[in-house]
2 protein chains.
Amino acid sequence: MDELLKELRAKGYKMTPQRRAVITALLECGKFPTAQQLLAKVKQAAPDVSLDTIYRNLSLLIDLGLVNEIHLPGRGNVFELTTNQHHHHLVCVRCGKAECLDYCPVSAQDLEKAAEQGFEIISHSLEFYGYCRSCRLAG
Amino acid sequence: MDELLKELRAKGYKMTPQRRAVITALLECGKFPTAQQLLAKVKQAAPDVSLDTIYRNLSLLIDLGLVNEIHLPGRGNVFELTTNQHHHHLVCVRCGKAECLDYCPVSAQDLEKAAEQGFEIISHSLEFYGYCRSCRLAG
DNA sequence: ATCCTAAATAGTAATACTACTATTTACAAT
DNA sequence: ATTGTAAATAGTAGTATTACTATTTAGGAT
């Protein structure tokens, strides 16, 4: 938490109660909250907060690499704080559940390939889609 | 085109004029149309088509692996027909343009790693985000 | 050609997400 | 402590996407 605040401070961003509440909500919700769930949580601390504020702050945190956005096809997006361990996600297309995959197949060589096309890569997003254990067993 | 129709036929899906128009629109729009652009194109052939139909058919084609959905953060999604060559995309976070990257870093070993967690993987989505050549030159 | 049934559709409603504007506020400089 | 300024916010509006329902239709069986 303190690390996040320090990082924002260092980049010249202001620390408002709403922003603090969004970060707190991310910490407390833990596993993959939706924007609506975050809004509900934040409202406990700041009842007048607008949904716009949730998305604006999420967007900022994503741009800074402090939050990951995970796309659940047909179910919207969910979020998580970036841990020190860069990783990706397995998403079940049947029940919509997400699991972490502590692994990243993207190498420095891959980024060079992209650079050959003139791109300067700053991040990437990778999700695997399939059927989770329980959905496979359930048929 | 004929290949697409054959594949749909084989899986028991019906071939309606609207569905045909959606596929035609995907072929004609070529490079990364949005859902709205596809709707406009399809309306030329079928004026009463609903947006729902566009999304429903895109969704089906995506599930069958015949269409890719590319997420442009803060700009919605765009689509493309899957070519015979599996690939991913570079997306410029400044101007929103997408380019193909004829390359995929995901190997069979990576999929095995996922399987260890009980998942049966059927697809994956990978996008690289950064700055394209012209945006880098423009500062 | 007619009938049957599940798939597909149009139209509408609901939800998710983004954009805009006037006002407020953090925080740095005085 | 006061002031100035750009960032951030609430509230609202607009766009994107998904869900629901009654009706229509493609395509196989008769």
Side-chain angles (χ1 to χ4, degrees), chain A residues 4-25 32-40 42-43 45-64 67 69-79 91 93-96 125, chain B residues 4-25 32-40 42-43 45-64 67 69-79 93-94 96 125:
Chain A
L4 292 178
L5 298 182
K6 212 186 302 176
E7 177 134 7
L8 287 169
R9 208 57 163 296
K11 305 231 176 180
Y13 295 101
K14 297 180 179 176
M15 186 45 53
T16 63
Q18 293 93 335
R19 176 163 293 159
R20 196 184 300 270
V22 169
I23 295 173
T24 303
F32 312 130
T34 65
Q36 295 293 339
Q37 289 169 331
L38 288 171
L39 177 63
V42 169
K43 279 199 169 180
D48 287 343
V49 77
S50 72
L51 185 58
D52 184 38
T53 295
I54 305 293
Y55 279 111
R56 190 169 359 87
N57 279 297
L58 282 174
S59 202
L60 171 64
L61 294 168
I62 291 169
D63 286 349
L64 294 176
V67 163
E69 180 183 26
I70 305 157
H71 181 59
L72 312 182
R75 296 167 197 264
N77 299 311
V78 295
F79 304 89
V91 178
V93 295
R94 188 160 182 262
C95 69
S125 126
Chain B
L4 292 178
L5 297 183
K6 213 186 300 176
E7 177 134 8
L8 287 169
R9 206 61 162 294
K11 304 231 176 180
Y13 296 102
K14 297 179 179 176
M15 186 45 54
T16 63
Q18 293 92 335
R19 177 163 293 160
R20 196 183 302 269
V22 169
I23 295 174
T24 302
F32 312 130
T34 65
Q36 295 293 339
Q37 290 169 331
L38 288 170
L39 176 64
V42 169
K43 278 198 169 181
D48 287 343
V49 77
S50 72
L51 186 56
D52 185 39
T53 295
I54 304 294
Y55 279 109
R56 189 168 3 84
N57 279 297
L58 281 174
S59 201
L60 171 65
L61 294 169
I62 290 168
D63 286 349
L64 294 176
V67 163
E69 180 182 23
I70 305 158
H71 181 59
L72 312 182
R75 295 167 197 265
N77 300 311
V78 295
F79 305 88
V93 295
R94 188 159 182 263
S125 127

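For clarity, every value in this text was computed on a predicted model and none was experimentally measured. Within every chain, numbering begins at 1; the chains are lettered A, B, ... in the order of the sequence lines, protein sequences first and strands thereafter.
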Main chain of A:Asn57, side chain of A:Arg19: is a donor-acceptor contact present, judged purely on distance under 3.5 Å? no

Closest non-hydrogen atoms of B:Ala35 and B:Phe79, given as atom of the first, atom of the second and distance, are N-CE1, 4.0 Å

Gap between atom CD of B:Glu69 and atom CG of B:Leu58 - 0.5 Å precision: 8.0 Å

Give the first and the last nucleotide of DNA chain D, reading 5' to 3', that has any atom under 4.0 Å from a heavy atom of chain B. D:dA16 to D:dG27

What's the CZ-P distance between A:Arg56 and C:dA19, to the nearest Å? 12 Å

Using whole Å, report how far CG of A:Leu38 lies from P of C:dC17. 11 Å

Note: for B:Pro73 and B:Asp52 on DNA chain C, the residue whose nearest nucleotide lies more 5' is B:Asp52

Residue pair B:Arg56, B:Thr53: steps toward the side-chain hydrogen bond (donor to acceptor under 3.5 Å, both in side chains) verdict: CA-CA 5 Å; B:Arg56 189 168 3 84; B:Thr53 295; 3.1 Å; yes

Quick one: which of C:dA26, C:dA6, C:dG11 gets closest to the side chain of A:Pro17? C:dA26

With sugar-phosphate meaning primed atoms plus P, OP1 and OP2, does B:Thr16 contact a base, only sugar-phosphate, or nothing at under 4.0 Å between heavy atoms? sugar-phosphate

Between B:Leu51 and B:Met15, name the one whose nearest nucleotide on DNA chain D is closer to the 5' end. B:Leu51

Between B:Gly76 and B:Val49, name the one whose nearest nucleotide on DNA chain C is closer to the 5' end. B:Val49

Estimated bend of the helix from C:dA1-D:dT30 to C:dT30-D:dA1 (axis per five terminal pairs, rounded to 10 degrees): 30°

Measure the distance from CD1 on B:Ile54 to C1' on C:dG11 and round it to the nearest whole Å. 15 Å

Determine the contact category for A:Gly74: base if any of its heavy atoms lies under 4.0 Å from a base atom, sugar-phosphate if only primed atoms, P, OP1 or OP2 are that close, otherwise nothing. sugar-phosphate

Measure CG/B:Leu39 against P/C:dG11 and give the value in whole Å, please. 12 Å

Can you tell me how far apart CD1 (A:Ile70) and CZ (A:Arg75) are? Round to the nearest 0.5 Å. 14.0 Å

Testing the basics here: between B:Leu72 and B:Gly96, what is the closest heavy-atom pair and its distance to 0.1 Å? CD1-O, 3.6 Å

Can you tell which of A:Val78, A:Val91, A:Asn77 makes a side-chain contact (heavy atoms from CB on, under 4.5 Å) with A:His71? A:Asn77

Go nucleotide by nucleotide along DNA chain D from the 5' end; which of A:Gln18 and B:Arg9 gets its closest nucleotide reached first? A:Gln18

Backbone of B:Thr34 reached by a side-chain donor or acceptor of B:Gln37 within 3.5 Å: yes

Write down the distance between OH (A:Tyr13) and C1' (C:dA28), rounded to a whole number of angstrom. 18 Å

Just call it for A:Arg75: base, sugar-phosphate, or nothing, with non-hydrogen atoms closer than 4.0 Å on any strand. nothing

CZ (B:Arg9) with more than 12 external heavy atoms under 6.0 Å: no

Check: C:dC17 base within 3.5 Å donor-acceptor of B:Asn77 side chain: no

